[in-house]
Amino acid sequence: MSEPTHPRRCIVLAVDVERYSPRTNLGQYRAQQLFREVMDETVAGIGLDRQSWTTQQSGDGELAILPADTSELTVVADFVPALDRILRDRNSSLLPEAKVRLRVAIHQGLVHMTGANGYPGEAIVEVCRLLDSDPLRQALVAFPHASVGLIVSRSIFHDVVRHGYRGLRPERFAQVKVQVKELLTDAWIFVPDEDASALAGKQPPPAADQPPPSKPPTPAAATSAAAATYQISGVTTHGPAVFGPGGTAIGTANGPWHGTADR
């Protein structure tokens with residue numbers, strides 16, 4: 001077994017097509033084609049070399065490891081707005097069922113580039129978990145006319161976004177809690193041309209089959225359920241009772257007993 005090479009620090013990017021699997025075979029084919037064309041055009045348009053990216057394709061998206069000298073600022077501030085602009089333009093001439101919307105996750109960290117079956121590294125695991133998180137999916141639901149939803153990790157937000165470089169507006173990012181499998185972390189969501197900050201702190205709606213919370217009994221119901229008190233031969237009983245073999249039922253079908261002696 002060969003020894004692992006030293007990992008290198010790099011930006012990792014994960015992209016996924018929303019609602020890919022419900023499409024027909026032909027619809028999936030065309031979505032893949034549009035995805036690849038839009039990605040190539042976007043990367044070239046912001047001055048990056050797409051051929052230098054190490055990518056792992058997944059049919060409905062890709063995982064990309066960018067060269068070590070790639071600027072985080074370029075990826076965060078330029079890539080997503082350009083991707084959104086180009087995708088909006090391409091979608092404008094398509095039928096609703098053919099339109100493509102993308103989820104994007106950006107993180108950074110150490111990655112081994114010579115794994116036997118992929119690219120080992122916590123940064124790879126985290127960016128994939130962020131991409132698959134409920135808050136990011138809900139962002140595209142909350143903004144149905146958006147073309148791209150972005151989620152960035154804690155380190156990306158604190159190193160790049162919060163400083164407001166190159167027109168970034170940190171107040172338009174929503175801080176959310178992400179819990180996917182073993183990952184539990186804070187992350188920030190951005191939707192181009194939308195104020196995603198309204199998403200911060202929102203909880204997902206209850207499941208459709210979840211029963212409504214039970215209501216406390218009303219005073220009338222509580223009163224009717226209370227046991228009546230009966231007294232006979234100096235004995236007090238709370239609720240229905242029968243005295244003696246073959247005795248008379250008190251407080252049941254024969255009605256309440258108001259006397260002071262046995263029947």
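- Within 6.0 Å of CZ in Arg30 there are 12 or fewer heavy atoms belonging to other residues, nucleotides or ligands.
- At a threshold of 4.5 Å between non-hydrogen side-chain atoms, the residues Leu140 and Arg103 count as touching.
- Classification of the Phe190-Phe173 ring pair by plane angle, with boundaries at 30° and 60°, yields parallel.
- A 6.0 Å sphere centred on CD of Glu171 holds more than 12 heavy atoms belonging to other residues, nucleotides or ligands.
- No more than 12 heavy atoms of other residues, nucleotides or ligands sit less than 6.0 Å from atom CZ of Arg19.
- In the displayed structure, Glu122 atom CD is contacted under 6.0 Å by at most 12 heavy atoms of other residues, nucleotides or ligands.
- Here Asp159 pairs with Gln108 under the side chain to side chain donor-acceptor pair (under 3.5 Å) rule; sequence neighbours left out.
- Side-chain contact check for Asp60 versus Phe35: every heavy-atom pair is 4.5 Å or farther apart.
- A salt bridge is absent between Glu18 and Arg137: the closest approach of a Lys/Arg side-chain nitrogen to an acidic carboxylate oxygen does not fall below 4.0 angstrom.
- With respect to Arg129 and Glu182, a salt bridge is recorded, a charged nitrogen being found less than 4.0 Å from a carboxylate O.
- Residues that satisfy the side chain to side chain donor-acceptor pair (under 3.5 Å) test with Asp78, not counting sequence neighbours, are Arg166.
- When atom types are taken as modelled, the side chain of Thr55 and the backbone of Gln57 share no donor-acceptor pair closer than 3.5 angstrom.
- Between Arg85 and Asp89 there is no salt bridge, since no side-chain nitrogen of the basic residue lies less than 4.0 Å from a carboxylate oxygen of the acidic one.
- Of the options Val127, Ile11, Ile124, a side chain to side chain contact (heavy atoms under 4.5 Å, CB included) to Ile65 is made by Ile124 and by none of the others.
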